[in-house]
Structure formats: C-alpha cells, structure tokens
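Worksheet: the structure to be examined is printed underneath.
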Number of protein chains: 2
Amino acid sequence: MGRRRSDAITLRDVARLAGVSIATASKAINNRDEVAAATRARVLRAAAELSFRPNVLAQGLVAGRTRAIGLLTDELDGRFAIPILLGAENALSHQEMSVLLCDTRGDAIRRNHYIRTLLARQVDGFIIVGDSNDVHLSLTADIPVPVVYVYCRSTNPADLCLVSDDEGGALLAVEHLIALRRKHIAHITGPQSWRAARDRAAATCAVLHDHGLMLAGGQPLHGEWSQHWGRHATRLLMATTPEVDAIFCGNDQIASGAAQALADLGRRVPDDVAIVGYDNWEIFAADSKPPLTTVDLNLQQVGETAVRHLLAALDGTPASGVFRQPCRLVIRESTA
Amino acid sequence: MGRRRSDAITLRDVARLAGVSIATASKAINNRDEVAAATRARVLRAAAELSFRPNVLAQGLVAGRTRAIGLLTDELDGRFAIPILLGAENALSHQEMSVLLCDTRGDAIRRNHYIRTLLARQVDGFIIVGDSNDVHLSLTADIPVPVVYVYCRSTNPADLCLVSDDEGGALLAVEHLIALRRKHIAHITGPQSWRAARDRAAATCAVLHDHGLMLAGGQPLHGEWSQHWGRHATRLLMATTPEVDAIFCGNDQIASGAAQALADLGRRVPDDVAIVGYDNWEIFAADSKPPLTTVDLNLQQVGETAVRHLLAALDGTPASGVFRQPCRLVIRESTA
DNA sequence: CTGGAGATCGAAAACGATTTCGACAATGCG
DNA sequence: CGCATTGTCGAAATCGTTTTCGATCTCCAG
C-alpha cells in the first residue's frame, strides 16, 4: 500500500547522505548558484540514490514554478477534445504552461474528483469540454480558479462559454450548395435529442427558405451519427425523392455513408449529387471517396480562445457570456 | 501576470475573516471533525469569498491525499492513447487515483517539460505511450517514480515495456482466413518504415508458409495507413492477381478501403474475397460495409496492465522486461 | 449545585521545504 | 605580507499548513 509516513524521503535524508546541510542540498537541487559544482553533483547523486522527490510545498506559489491548466472532457473518443487540447497547447507554447487532460465520462462524481485532484495539484484554471448537447450545471462557484466552458452552456449566465456557431456552419454549407445551383437539397443528420442536430437542421430550413427553396424530402432525416445511418437514409431518400441533387450531412461519418450509398446506386458525386459533411474529421473526410467538402469547427482556435480567456481571467479581466466560434467551409471533391 | 507574493491568500487570511484560529480553519476546510457545523460553514464561506486555495504543502505525503499517475503520449489523434487511458482509469476505479494525460507530440523537450510539471505536482508514476515504432530512450534514470513504457521499447532492458503481440495478431488473422479455406491470401499494410507493419508482414508470411501456402501477390503491399491506399492497392492486386480470395489488412482504414474497392469491382465480401482488418477501431470497423472482422489490440487491458505494474512498483515489487499483450480476433461480416 | 462527559477551539509544536545572512577559506593584488 | 574580493556553505529565520494537546464551554444526571 501507500508509503507510510516513515518511508517518505525528505531533504534532510539527502543532505545527510551527501554530507551537507539541508540548506545546501536545497540550493543544489534547485539549481541555484552559491554551490560548488562538486557539491552539487554529490547532492544530486544522493538524491537520485534515495529517489528523493521534493514535497512541493510553497514551490507553486513562492518560487513561481511552472503553471498548468486542467482540461476536463466528457467526450470519450477524443475526437473533439484532442484538437482543443492541441489548440490550447499552441496558445500556451510561449508561456511555460502545461495542459493536463482528464476524462470525466460525463460523470459528475468523476468530474468533481478530478477537479479536487487538479486543484490540489495547483492548476491555475480549467477548461471544461461538454458534449455540445445539454447545459452544464455551473461549477464556477465551487472552483477558486477561472473556468471556461467549451461546447456546452453553463447554468450561470455569468460564466464564460465557447460554443460552435451551428447556425453559421449550416449557413456556410447550404449557401455553398445553392451557389452550385443545386435545387433539391436534403439534410441527413444525427438524433433529434442532440441540440446541435436540431439547431443545424432548423438553420438549414431557414436558409433554404430565404432562397425560396424547400428542404428536399420535406424534413430533416434524424438518425444516428454513423455511416450506417448515412447509407440507409440515403437509400430511403433516393427512393422517395429521386430528384435530390445535394445532401448536407450532420457529420462526416453520415456523409461518408451517403457517398457509399450513392455510388452503389450509380449516382455520381458530385456530378449528380453533391455532398457536404460536418466536423472536418480529417482522417475520415479527406480520405473518403470522394474526399468530402465539410464544415470545419475550428477546434484548435476554440482551444486557443479558451486559453486566452483563461489567461485574461488570471490577469484579473475575466469575460462572461456565450461566445460563438465561427466555422469554416473546407471544399473538397464531393462538391468540386 | 502571475500573482505576486503579496496577493497569495493564506489560511491565515481565511481564519481572520472567519474569526477563528488557523488551526480551526485548517480542520474545517479539511473536513475533520472536532469542528462545529456552524463554524465550518463560516470558514468555508470565508474561504470561498477569498478564493482561498491551499498551498499543497505536505498534503501529498503527510495526509495521504488523492494520488495520480501521468500518461504521456506521442500519439496525436488519441486513437490509441484514449483506450489506454480508459483502461488505466478502470484499473484505478477502486483506488482513489487519477490519470492525467499530456500530449508530448513526440517531442523530447515537451516530454521533459511535462515530466517536470507532473513531478512537481506529485504524480506517483508514469505511463509513457510511444508510437509502437522506434525505441524510446530510457527516461527511468531521471524519474524518481516508477515508469511503464507502452507501445515502445526502452533503451534500458531493466525498464518495463508493454508491447502488442504483432506476430500473434497476424497469426490470429491468417489462421482465421485459412480456417475459412482461403488459399490466396494477400496482405496490404502500412509503410515499411513502421516496425509493426514489418513484423506483422513477416509473421503473415511465416504462418502461410507453415500451412504450405504462399502470400498472394508474392509480397506484402506496403503503403500508407489510409483508406485511399487500401482502395488503390486492392485495385492493383485484383488486376494482377485476380484469384485472391482473402486480404489481411494492416489496419481498419486500409481494410475499409479494400472493401470499397472490391464492391466497385463487383466482388462480394466475404463470399468472393474475405477481409480482415487490424486495430478494431470500432467507429470504423463496426460501421464499415460490411462490418469488418479485425484484430483487437486489447488496448484497455494494456492500460490496466500498465497500472497494475505501476501499483506493484509502488509497493516495492517492480517488474522489468518486455511483456507482449496478446490480441483478440473480433469476427464480423467481412469473413462471416 | 456539583461533577463529569463530550464537544469545540486555539496555542504551540511539527513538518518539509526555501531564503537570508554571517562565517570562513581561497584567491588576487599591491 | 596585508587586505579586499569572491566563492561556498550552514545556522537560523521564515513560510503555509497540519497535528497535538490542553483549556474552555455546554449539557445533563445525581
């Protein structure tokens, strides 16, 4: 089991083994000058031999050591969290700051556990990544460091939330298809229980209406976020509404499935039917056949923005409210 | 910038604001008994008001607080690291222990930075995830806590490394195909520069040879780890060696591409050509058309094993050497 | 009213570190 | 040789926190 109190190796032990005072040992280990090279070597050797590990102590505050932020994510497969992590790290590359990612599995108990753990380990702020779906109960009151919510809304309007501009993304996709003179645009997307799916579907209908068009098939096709649903829905769609000449899909997996189904049906992409995906999950979208035009969420920028807000809050100028991260259309062969 | 020394809020301030002694404040905040409910509430309110954050101190060692391990990964997209993380967390779910994931981008400087950061934050051990490709320079000497290497070998044979049993995985796949009476088995895989690709290719040839068979096409087809390469290689293969009745692919993306190309060529899967993938990347393999039989790396078990070794080392019984994690064949429709 | 028993709290010691400052020796320089 | 400078080191002060232990208060049975 855990080391008992007596096992803990303290600076005193190191100093004794090296034959120096505690003060000198401290200086040697912390790379301060005022200590001869030979002495330093002796101390370091003793520390290594004893597997000495400093007991943190004031380090965090007194000596202004390396700082860190915690990134808590509900999302299991890392598809969204990882790019956000990369963006956050990029934004911190000039600072001497680290990002620690923890997986909460959408479990409040686990999340609180990690928050305690990370606070005890002196993180200077949190980025909390939701599933873009339901609202997060505000944790800010319980956390003595700045918090930024990403891909979720907080129950407290004074919190800072960064969300994706779903309406804007749908607008980009649909207007792109309209610019290609497509008249019969369908929408296949994820479960209606997802807010993102609902918002994009509503925006899609609204944009079409603004251009005097109707959604092909009459209404959005809600299903799973999977290739399988993409294939299935596309077959249904083409059977009932064969005049469809474009499909806007709720994510790249659905889009990939749609492309496969169209190939099976002998429809050419993009000549007969154009396809637009969503998320720009590179490994999927760029490697599909044909490569997919898709809406990029700018996740790295989201990570960078979150960090910038966190740093601003640490400097005493916190922001609040809901910020929408604009999306970006990546054009590939599926509409080219 | 960072809070200056004078800004730091100490327990003394909290105690003063709450009108109690430092000792009582400490007890209240640490949920010890010996303190009346009303007093505790007053202290907590004061602490919240001042955004008090304890200065760690002895906490980590003295009071046996929550412990943590660091998981450092080179791998960008989280496909391997995340399941390992989940497995590690599962193994720790009974302990009060946390897993902190950091992204090193295969960069030694960044890795060292994170090691320092995490050591200063009192992690009790490290899991270092490589890219399964080249050897890792041993870090164990510089780290005063146990280290387990996963998916890489260390330069120091005394280190503990957990690697995937690539030969065993290839054996599972090929023998499965042979049991289905396939006689013309081809192998499409990733770049020859990847050790995993080379090892599996060699094992594939060896197993075929043991059964008196030859690799269809004469030699393994090395290319990228992409659907695109899977499609391209399959077209080449079927053009030059039309008698192929099974393809063992180096990962699920290649396998998915192969399935697409076979569909385009009018070959039925699995009736005409069976396909086996590798990695069991669920979102890809299970959602492909048809769903892919594939080799599962048991990544969660790897994570659990790594944690168990770490806990054993913390208890004073470290292991060393190279352990091979056996793989598992997941049978789906592409060979059913 | 008396005398415990138990709850509550604070003074002071302990703890594991860092930092200040004075002691001391070696060195340089005239 | 005398004297100042410089480099090294340790005793002691300091820091923020936890823990021990004795003092005080409340409550209630006798």
Side-chain angles (χ1 to χ4, degrees), chain A residues 2-47 50-66 116 119-122 124 144, chain B residues 2-47 50-66 116 119-122 124 144:
Chain A
R3 47 184 65 100
R4 276 183 313 288
R5 170 61 159 283
S6 52
D7 322 6
I9 286 159
T10 139
L11 192 56
R12 183 195 318 280
D13 305 321
V14 177
R16 186 160 39 216
L17 180 59
V20 298
S21 75
I22 302 180
T24 304
S26 170
K27 285 180 255 189
I29 286 183
N30 289 56
N31 270 332
R32 309 196 76 78
D33 29 8
E34 281 198 28
V35 47
T39 313
R40 162 166 297 134
R42 219 166 59 238
V43 172
L44 290 180
R45 193 149 9 96
L50 295 174
S51 299
F52 169 71
R53 200 146 57 102
N55 195 7
V56 175
L57 181 64
Q59 277 197 355
L61 287 176
V62 172
R65 283 314 159 87
T66 59
R116 279 203 313 276
L119 281 176
R121 285 177 169 72
Q122 300 282 101
D124 301 282
Chain B
R3 47 184 64 98
R4 275 183 313 286
R5 169 63 157 281
S6 52
D7 320 6
I9 287 159
T10 139
L11 191 56
R12 183 196 318 279
D13 304 322
V14 177
R16 185 161 41 214
L17 180 60
V20 297
S21 74
I22 300 180
T24 304
S26 170
K27 284 180 258 194
I29 285 184
N30 290 55
N31 271 333
R32 310 196 74 78
D33 30 8
E34 283 199 26
V35 48
T39 313
R40 163 165 298 134
R42 218 168 58 241
V43 171
L44 291 181
R45 191 149 12 93
L50 295 174
S51 299
F52 170 70
R53 200 146 57 103
N55 195 8
V56 175
L57 184 62
Q59 277 195 355
L61 286 177
V62 172
R65 282 318 160 83
T66 59
R116 279 203 313 277
L119 281 175
R121 286 177 170 73
Q122 299 283 99
D124 301 282

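We name chains A, B, ... by the order of the sequence lines, and we start the count at 1 in each one.
- Counting only heavy atoms from C-beta on, A:Thr24 has its side chain closest to D:dG10 among D:dG10, C:dT19, C:dT18.
- Among the nucleotides D:dT8, C:dG10, C:dG16, the one closest to any side-chain atom of A:Arg12 is C:dG16.
- Between the side chain of B:Arg40 and the backbone N or O of B:Arg32 there is at least one donor-acceptor pair closer than 3.5 Å.
- Here the nucleotide nearest the side chain of B:Ala36, chosen from C:dG10, C:dT18, C:dC9, is C:dC9.
- Comparing the axis of the opening five pairs of the helix from C:dC1-D:dG30 to C:dG30-D:dC1 with that of the closing five pairs yields an angle of 30°, rounded to 10°.
- Counting only heavy atoms from C-beta on, A:Val35 has its side chain closest to D:dC9 among C:dG16, D:dT19, D:dC9.
- Taking the side chain of A:Glu34 as heavy atoms from C-beta on, and the options C:dA17, C:dC21, D:dA11, the nearest nucleotide is C:dC21.
- Checking C:dT18, C:dA12, D:dC21 against every side-chain atom of A:Leu11, the shortest atom distance belongs to C:dT18.
- In this structure, CZ of B:Phe52 is placed 8 Å from C1' of D:dG16, rounded to the nearest angstrom.
- Relative to the side chain of B:Asn30, the nucleotides C:dA11, D:dT18, C:dA17 differ in distance, and D:dT18 lies closest.
- For B:Lys27, taking side-chain heavy atoms from C-beta onward, the closest of the listed nucleotides D:dT8, C:dG10, D:dT19 is C:dG10.
- Closest approach to the A:Ser26 side chain among C:dG10, C:dT18, D:dT17 is made by C:dT18 (side chain taken as heavy atoms from C-beta onward).
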